J.: 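First, the structure itself, so that you have it in front of you.
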Amino acid sequence: MKIAALVSGGVDSSVIVHRLKEMGYDPTIFYIRIGMEDKDGYIDCPAEEDIEITTYIAKKYGCKMEIVSLHDEYWENVVNYTIEAVKRGLTPNPDMMCNKMIKFGCFEQNWGHEFDKIATGHYATTTELDGKIWLSTAKDHVKDQTYFLGQINQMQISKLMFPIGDLPKSQVRAIAAQQALPSAQRKDSQGICFLGKINYNDFIGRYLGERVGKIIELETGKVIGKHKGYWFHTIGQRKGLGLSGGPWFVIKKDTQRNIIYVSNGYNPDTQYGNTVNLGGFSFITDDIWGDFEGTKDITFKVRHTPEFTTGKLEKIGDIYRIHSDDKIQGIAAGQFGVVYDSASKLCIGSGVIADENAV
RNA sequence: AGCCUUGUCGUCUAACGGUAGGACUGGAGACUUUGGAUCUCUAUACCGGGGUUCGAAUCCCUGCGAGGCUA
């Protein structure tokens, strides 16, 4: 079986090579370049060290290695998407889009199609049911990364392998140490990968600029401050408002008038919600419910968190509406709601959190 | 103009006359392959000038600022 292993130089993806060899496979290692400096030099991903480590891994395990670039595709699909979404007042999820469009999209078209399987270092598993492959959660529920894979489709999942999906993180690190992999002690990557050392707000500012607008207290309608553009703030956000007498949380945005509405207190009710409307819902493997009346018991995530929330799913036309058992903080339009079965085993599918005004 | 009240970190708010605390904001770190949230740590102040006291943010005088009252 021909396997392509996507290796980034981090611990997780390094260890998959070891595991694949253990299983008797001889994977071809791919390092995908994505985050490169654009013409203005804003995007800057320190790829050197990553490539060095990946090369070392390839040598150590005697694997073929290819460094490929999906820079333009990344720019086209992920960076543009991010900027466009933010501009519309939404809160994007670049990493999910990267998985869907780049790692398992463009890569497949260019190189992956010559392989039987594509292996990655995600904490996720696959499960075969009725002759079909389903995305299922990792053994290590805390590390589970299926949230980021919620947008992929049946073709993609049936070709994927997650060699470390059944290991706890601690063990992955232990293996790396035991094998003396250079990545053993590396910090887990965090933040949007293409940003490198630039922070998110700087990035947004570079492309969308600044425009001063009002900050209004939702309950009283009083103007209590100014902001530099609604695109710098997301629902549920506390940091960065610069208002005293808080804490203050962003509750609502008026993109037309560039106004941000906030509520005061440690736990303003306005900060929470129990219903989440998902638009453009897509099932990963199969639409297991079809059209249905009433509700389905599910668990779900509205962001990457260790725990799953329980709730009920209702179908209203094309909209899938989640009724959460617990109130959820900071439900932001543009983010994805990923739905799992009630046991939090199978990842069923996902949709984009809709603007409340849109439903 | 006269009278009264008032003046503490960027903001709000504490401190029997004994040497300035808390909250929010800001900053740093932890957590996290999105945005966020959360947790930990941390920075900054007694309006100026005189007195009275062993000792004043706290008492007195005065200057300045703020608010109010007075015809």
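All figures in this text were calculated on a predicted structure; none of them were measured in a lab.
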J.: Does the cation-pi check pass for A:K100 over A:F104, that is, NZ or CZ under 6.0 Å from the six-membered ring centre and within 45° of its axis?
T.: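 Negative - A:K100 is either too far from the ring of A:F104 or too far off its axis.
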J.: Roughly how many Å apart are B:rC9 and B:rA43, using the C1' atom of each and rounding to a whole number?
T.: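 Each nucleotide's C1' atom is 10 Å from the other's.
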J.: Go through residues 135-162 of chain A and report each residue with a non-hydrogen atom lying under 4.0 Å from RNA chain B, sorted by number.
T.: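 A:K143, A:Q145, A:Y147, A:F148 - these, ordered by number, are the residues of the stretch whose heavy atoms sit under 4.0 Å from the strand.
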J.: Measure from NZ or CZ of A:K301 to the centre of the six-membered ring of A:Y147 and say whether it is under 6.0 Å with the direction within 45° of the ring axis.
T.: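 Judged by the rule (NZ or CZ under 6.0 Å from the ring centre, within 45° of its axis), A:K301 is not positioned above A:Y147.
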J.: Tell me yes or no: between the side chains of A:E217 and A:T220, is some donor less than 3.5 Å from an acceptor?
T.: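 The criterion, which ignores hydrogens and geometry beyond distance, is satisfied for A:T220 and A:E217.
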J.: Touch check for A:Q237, heavy atoms < 4.0 angstrom, all strands: base, sugar-phosphate only, or nothing?
T.: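 It contacts sugar-phosphate atoms only.
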J.: Any idea which of B:rU33, B:rG35, B:rU25 is nearest the A:H122 side chain?
T.: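 It is B:rU33.
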J.: Find out whether A:H233 and A:H227 are in side-chain contact, i.e. whether some heavy atom of one side chain is under 4.5 Å from a heavy atom of the other.
T.: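 Contact flag for A:H233/A:H227 side chains = yes.
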J.: With hydrogens left out and only the distance checked, is there a donor-acceptor pair under 3.5 Å joining A:Q335's side chain and the base of B:rU34?
T.: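 Looking at the base of B:rU34, it does pair with a donor or acceptor on the side chain of A:Q335 (distance under 3.5 Å).
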J.: Do you see a donor-acceptor pair shorter than 3.5 Å between the side chains of A:Q179 and A:H18?
T.: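 A donor-acceptor contact under 3.5 Å links the two side chains.
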J.: Taking the basic N atoms (NZ, or NE/NH1/NH2) and the acidic carboxylate oxygens, is any pair closer than 4.0 Å for A:E114 and A:K2?
T.: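 The answer is no: the pair does not qualify as a salt bridge.
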J.: Starting at CD1 of A:I260 and ending at C1' of B:rG35, how long is that distance when rounded to a whole Å?
T.: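 Value for this atom pair: 14 Å.
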J.: Regarding A:P92, tell me which of base, sugar-phosphate or nothing describes its non-hydrogen contacts under 4.0 Å with the strands shown.
T.: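 Base, at least one base atom sits under 4.0 Å.
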J.: Are side-chain N/O atoms of A:D254 and A:Y230 paired as donor and acceptor at under 3.5 Å?
T.: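 There is no such pair (donor and acceptor under 3.5 Å, judged by atom type) between the side chains of A:D254 and A:Y230.
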J.: Is a side-chain donor-acceptor pair under 3.5 Å present for A:S8 with A:D50?
T.: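 There is no such pair between these side chains.
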J.: Determine the Euclidean distance between corresponding P atoms of B:rC46 and B:rG21; express it in Å to zero decimal places.
T.: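 So the two P atoms sit 12 Å from each other.
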J.: Indicate whether OP1 or OP2 belonging to B:rU33 is found under 4.0 Å from a side-chain N or O atom of A:Y123.
T.: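 Checking B:rU33 against A:Y123, no side-chain N or O comes under 4.0 Å of OP1 or OP2.
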J.: Can a side chain N or O of A:H304 be found less than 4.0 Å away from OP1 or OP2 on B:rU33?
T.: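 The answer is yes; a side-chain N or O of A:H304 sits under 4.0 Å from OP1 or OP2.
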J.: Are there any protein N/O atoms within less than 3.5 Å of an N/O atom in nucleotides 40-43 of chain B, and if so, which ones and at what distance?
T.:
none

J.: Using the 3.5 Å cut-off, write out each protein N or O paired with an N or O of nucleotides 26-28 of chain B and the distance between them.
T.:
residue: B:rG26; atom: OP1; partner: A:G240; partner atom: N; Å: 2.9

J.: If B:rC69 has a Watson-Crick or G-U wobble mate with both distances under 3.5 Å, name it; if not, just say none.
T.: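 B:rG2 - that is the nucleotide pairing with B:rC69, both distances being under 3.5 Å.
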J.: Return the nucleotide paired to B:rA14: Watson-Crick means purine N1 to pyrimidine N3 with N6-O4 or O6-N4, wobble means G-U with N1-O2 and O6-N3, both under 3.5 Å.
T.: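 None - no nucleotide pairs with B:rA14, as no candidate has both distances under 3.5 Å.
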J.: Side chains of A:Y61 and A:D26 only: does a donor on one sit below 3.5 Å from an acceptor on the other?
T.: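 A:D26 and A:Y61 do not have a side-chain donor-acceptor pair below 3.5 Å.
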J.: Validate the cation-pi geometry between A:K345 and A:Y340: distance from NZ or CZ to the six-membered ring centre under 6.0 Å, angle to the ring axis within 45°.
T.: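 No, A:K345 and A:Y340 do not form such a contact.
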J.: Contact class for A:Y81 vs. all strands (heavy atom < 4.0 Å): base, sugar-phosphate, or nothing?
T.: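 No contact.
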J.: Sticking with atom C1', work out how far B:rG48 lies from B:rA14, rounded to a whole angstrom.
T.: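 To the nearest whole Å, 24 Å.
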J.: Just how far, in rounded Å, is P of B:rU32 from CG of A:N93?
T.: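 Value for this atom pair: 17 Å.
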J.: Would A:K252 and A:Y261 count as a cation-pi pair here, with the cationic atom under 6.0 angstrom from the ring centre and within 45° of the axis?
T.: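 Ring-cation test returns yes.
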J.: Pick the P atom in B:rC61 and in B:rU25, then give their distance to the nearest Å.
T.: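 41 Å, rounded to whole Å.
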J.: Kindly point out which of B:rU33, B:rC24, B:rG36 is positioned nearest to the side chain of A:T234?
T.: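 The answer is B:rG36.
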